[in-house]
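Below is one structure; the comments refer to it alone.
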Amino acid sequence: MTDEGDTTTTGRVDWDAAAAAFDDEPDHGLRDPGVRAAWADRLRTWLPGPPTDVLDLGCGTGSLSLLAAEQGHRVTGVDGSARMLGLARAKLAGRDAVFLRGDAAAPPVGERRFDVVLVRHVLWTLPDPARVLRHWRALLRPGGRFVLVEGVWGTVDPVGVPADRLTALLAPLVDHARVERLSDDARLWGRAVTDERYAVLGAV
């Protein structure tokens, strides 16, 4: 989701209205070959060997879903924005992927279980992340894993989830977790960044 600037607040964002320009950000649309390759390389190390079932929550326009599908995974994407989902479906036309409209905090997947819960820049927008993580844990099969990409953005009024807080929230739910720092890899963002960006990888 939108993660730029000192005044970012999700409560003011109309994601349907934002959908048309969402992919203009280098790390959203992954249109630059270098940025796309950097994310593909990370996903290859974060996800199990394909094929697995990946649940991409808050999938937006489906850029990470597409990379996962290209690597041989079966993808279910969930987002609350109909327009975002329309773009995602167009990107992944013909791929082993399905997209559902719904709340990322309580995805409408019924009794289905997944090998991976993949979430990028979503958890920080949710009011009770501990509860949400517990719910997501119930969606994982034995041996599954969390791939949570988060950060803290802005300097005047920072928003986000610090890595130490997220790892503490995740600790009771996983066998082990590790943090991978992402701020120093400018290829992922299309530019150098100075704020805190990271991935937490948790195995259950």
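Keep in mind that what you see is a predicted model, and the values were worked out from it rather than measured.
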Under a 4.0 Å N-O cut-off, is there an ion pair linking Glu196 with Arg181? yes

With no hydrogens and no angle check, just 3.5 Å: does a side-chain donor-acceptor pair link Thr52 and Arg74? no

Please name the pair of heavy atoms, one in Pro158 and one in Val152, separated by the smallest distance, quoted to 0.1 Å. CB-CG1, 3.9 Å

Report yes or no: does Glu150 contribute a side-chain atom to a donor-acceptor pair with the main-chain N or O of Val122 at less than 3.5 Å? yes

Measure the shortest side-chain to side-chain distance between Leu100 and Val109 over non-hydrogen atoms and say whether it is less than 4.5 angstrom. yes

Side chain to side chain contact (heavy atoms under 4.5 Å, CB included) between Phe114 and Arg112, worked out: CA-CA 7 Å; Phe114 300 85; Arg112 287 195 61 195; 3.5 Å; yes

Exam field: side chain Lys91 to backbone Thr61, donor-acceptor pair closer than 3.5 Å: yes

Looking only at non-hydrogen atoms, find the nearest pair between Pro26 and Val35 and report the distance. O-CG1, 3.4 Å

Go through Thr76 and Asp53 one step at a time and tell me if the side chain to side chain contact (heavy atoms under 4.5 Å, CB included) criterion holds. CA-CA 8 Å; Thr76 299; Asp53 293 307; over 6 Å; no

Looking at side-chain heavy atoms only, is the closest gap between Val78 and Pro108 below 4.5 Å? yes

Would you call Leu148 and Leu166 a side-chain contact if the rule is heavy atoms closer than 4.5 Å? yes

Report yes or no: do Leu173 and Val200 belong to one cluster of Ile/Leu/Val/Met/Phe/Trp/Tyr joined by side chain heavy-atom distances under 4.5 Å? yes

Evaluation steps, side chain to side chain contact (heavy atoms under 4.5 Å, CB included), between Phe99 and Leu92: CA-CA 10 Å; Phe99 291 94; Leu92 280 90; 3.8 Å; yes

Heavy atoms from other residues, nucleotides or ligands near CZ of Arg89 exceed 12 (cutoff 6.0 Å): yes

Is the shortest side-chain N to carboxylate O distance from Arg31 to Glu25 below 4.0 Å? no

Check: Arg36 and Leu66 side chains under 4.5 Å, non-hydrogen atoms: yes

Show the nearest heavy-atom pair for residues Val116 and Pro48, with the distance to one decimal. CG2-CD, 3.4 Å

Donor-acceptor pair, distance only, cut-off 3.5 Å: does the side chain of Arg83 make one with the backbone of Ala19? no

Please answer whether the main-chain N or O of Arg113 pairs with a side-chain N or O of Arg141 as donor and acceptor at a distance below 3.5 Å. yes

Give me the atom names and distance for the closest heavy-atom approach of Ser65 to Asp56. OG-OD2, 2.6 Å

Any sub-3.5 Å donor-acceptor pair from Arg187's side-chain atoms to Ala38's backbone N or O? no

Pairwise side-chain contact, Val132 with Leu123, heavy-atom cut-off 4.5 Å (strictly under): yes

Using the six-membered ring wherever Trp is involved, compare the ring planes of His121 and Trp189 and label them parallel, tilted or perpendicular (cut-offs 30° and 60°). parallel

Residue pair Val161 / Tyr198, side-chain heavy-atom distance below 4.5 Å: yes

Sub-4.5 Å side-chain heavy-atom contact between Arg134 and Arg137: no

Say whether, by atom type as modelled, one donor and one acceptor occur between the side chain of Arg95 and the main chain of Val75 under 3.5 angstrom. no

Is it possible for you to check whether Arg120 lies under 6.0 Å from the centre of the six-membered ring of Trp39, through NZ or CZ, and within 45° of that ring's axis? yes

Over all atoms of both residues, closest heavy-atom pair of Pro107 and Leu55: CG-CD2, 4.3 Å

Any donor-acceptor N/O pair, Ser183 side chain to Thr194 backbone, under 3.5 Å: no

Would you find a donor on one side and an acceptor on the other, under 3.5 Å apart, between the side chain of Trp136 and the backbone of Ala104? yes

Do the ring planes of Phe22 and His28 sit parallel (below 30°), tilted (30 to 60°) or perpendicular (above 60°)? parallel

Distance-minimising heavy-atom pair for Ala40 and Leu67: N-CD1, 3.7 Å

Check whether any side-chain N or O of Asp79 sits under 3.5 Å from a backbone N or O of Gly60 as a donor-acceptor pair, and report yes or no. yes

With a 4.0 Å cut-off on N to O distance, would you call Arg42 and Glu180 a salt bridge? yes

Determine whether Leu201 and Phe146 satisfy the following criterion, side chain to side chain contact (heavy atoms under 4.5 Å, CB included), listing intermediate values before the conclusion. CA-CA 6 Å; Leu201 312 172; Phe146 287 98; over 6 Å; no

Using a 4.5 Å cut-off on heavy atoms from C-beta on, say whether the side chain of Val117 contacts that of Val147. no

